[in-house]
Amino acid sequence: KQEVTQIPAALSVPEGENLVLNCSFTDSAIYNLQWFRQDPGKGLTSLLLIQSSQREQTSGRLNASLDKSSGRSTLYIAASQPGDSATYLCAPPKGCNFNKFYFGSGTKLNVKP
Amino acid sequence: GAGVSQSPSNKVTEKGKDVELRCDPISGHTALYWYRQRLGQGLEFLIYFQGNSAPDKSGLPSDRFSAERTGESVSTLTIQRTQQEDSAVYLCASSLVGARGAFFGQGTRLTVV
């Protein structure tokens, strides 16, 4: 089984700050890692997908890095906005099933205007 | 369709009744997954379908849970003799073959009273 830990569990910041969300996982034999956001009462929205051969992936103000050997991934959010408020989930799969994800409890982010 | 569609969006049922939850994956996606998210907890993998291969049922919590998928289209998750601990949001995801990431539906919120 893949154990996933996300730190911090919750984060409250004023608008405009740059943020770092951390994810660690126990089984580094992964083909990819996906970051999602979850808004209250809604499903998951995919943010970034990093292949195991990549070290970074960027989308707008979001940048995700992957250090497979140490079992870590980091999501960097630049110039945070109130609309970024959500729970962020790191999801590494395990084994040869690329999308059989294991989820941590996530980081609940609140960006205050 | 444009995204993964789940129905119903909300379901309230009496303890002991059977329920069926439906998932319509993105057209062309051969892989389909069911996850469960209990209140305040992370997502738990339930079952995975890939083409005509035997499904991976390793996450189903009990024999009251079953799922079917017709070809590469609709899937139905059935919970028999529902219990209060079955109350959760049930999320479906689909993906293409390979490490290309998964796309989630909005979920079905099941409440067993």
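Sequence lines set the chain letters: A, B, ... in the order given, protein chains first and strands last, and positions in each chain run from 1.
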B:Arg64 atom CZ, over 12 foreign heavy atoms within 6.0 Å: yes

Can you tell me which portion of A:Phe36 sits under 4.5 Å from chain B's heavy atoms? Options are side chain, backbone, both or neither. side chain

Any link between B:Val19 and B:Val89 through a network of hydrophobic side chains (Ile, Leu, Val, Met, Phe, Trp, Tyr) touching at under 4.5 Å? no

Please determine whether the number of non-hydrogen atoms from other residues, nucleotides or ligands lying under 6.0 Å from atom CD of B:Glu14 exceeds 12. no

For B:Leu43, which atoms come within 4.5 Å of any heavy atom of chain A: side chain, backbone, both, or neither? both

Please determine whether residues B:Phe65 and B:Phe49 belong to a single hydrophobic cluster, defined as Ile, Leu, Val, Met, Phe, Trp and Tyr linked transitively by side-chain heavy-atom distances below 4.5 Å. yes

Best-contacting candidate, A:Thr45, A:Thr87, A:Leu44, A:Leu89, against chain B by heavy atom pairs under 4.5 angstrom: A:Leu44

Same cluster (ILVMFWY, side-chain, under 4.5 Å), B:Leu46 and B:Tyr35: no

Heavy-atom cut-off 4.5 Å, strictly under: side chain, backbone, both or neither for B:Gln41 against chain A? neither

If Ile, Leu, Val, Met, Phe, Trp and Tyr residues are connected whenever their side-chain heavy atoms lie under 4.5 Å apart, and connections chain through other members, are A:Leu62 and A:Tyr76 in the same group? no

Contacting moiety of B:Gln37, where chain A heavy atoms sit under 4.5 Å: side chain

Against chain A, work out which of B:Ala102, B:Gly42, B:Gly40 has the most heavy-atom pairs shorter than 4.5 Å and name it. B:Ala102

Reported CD-to-CZ distance for the pair A:Gln2 and B:Phe45, which is rounded to 0.5 angstrom: 14.0 Å

Interchain contact, A:Leu33 with chain B, by part (heavy-atom threshold 4.5 Å): neither

Would you say B:Glu68 has more than 12 foreign heavy atoms packed within less than 6.0 Å of its CD? no

Under 4.5 Å heavy-atom distance to chain A, tell me which part of B:Ser58 shows up: side chain, backbone, both or neither. side chain

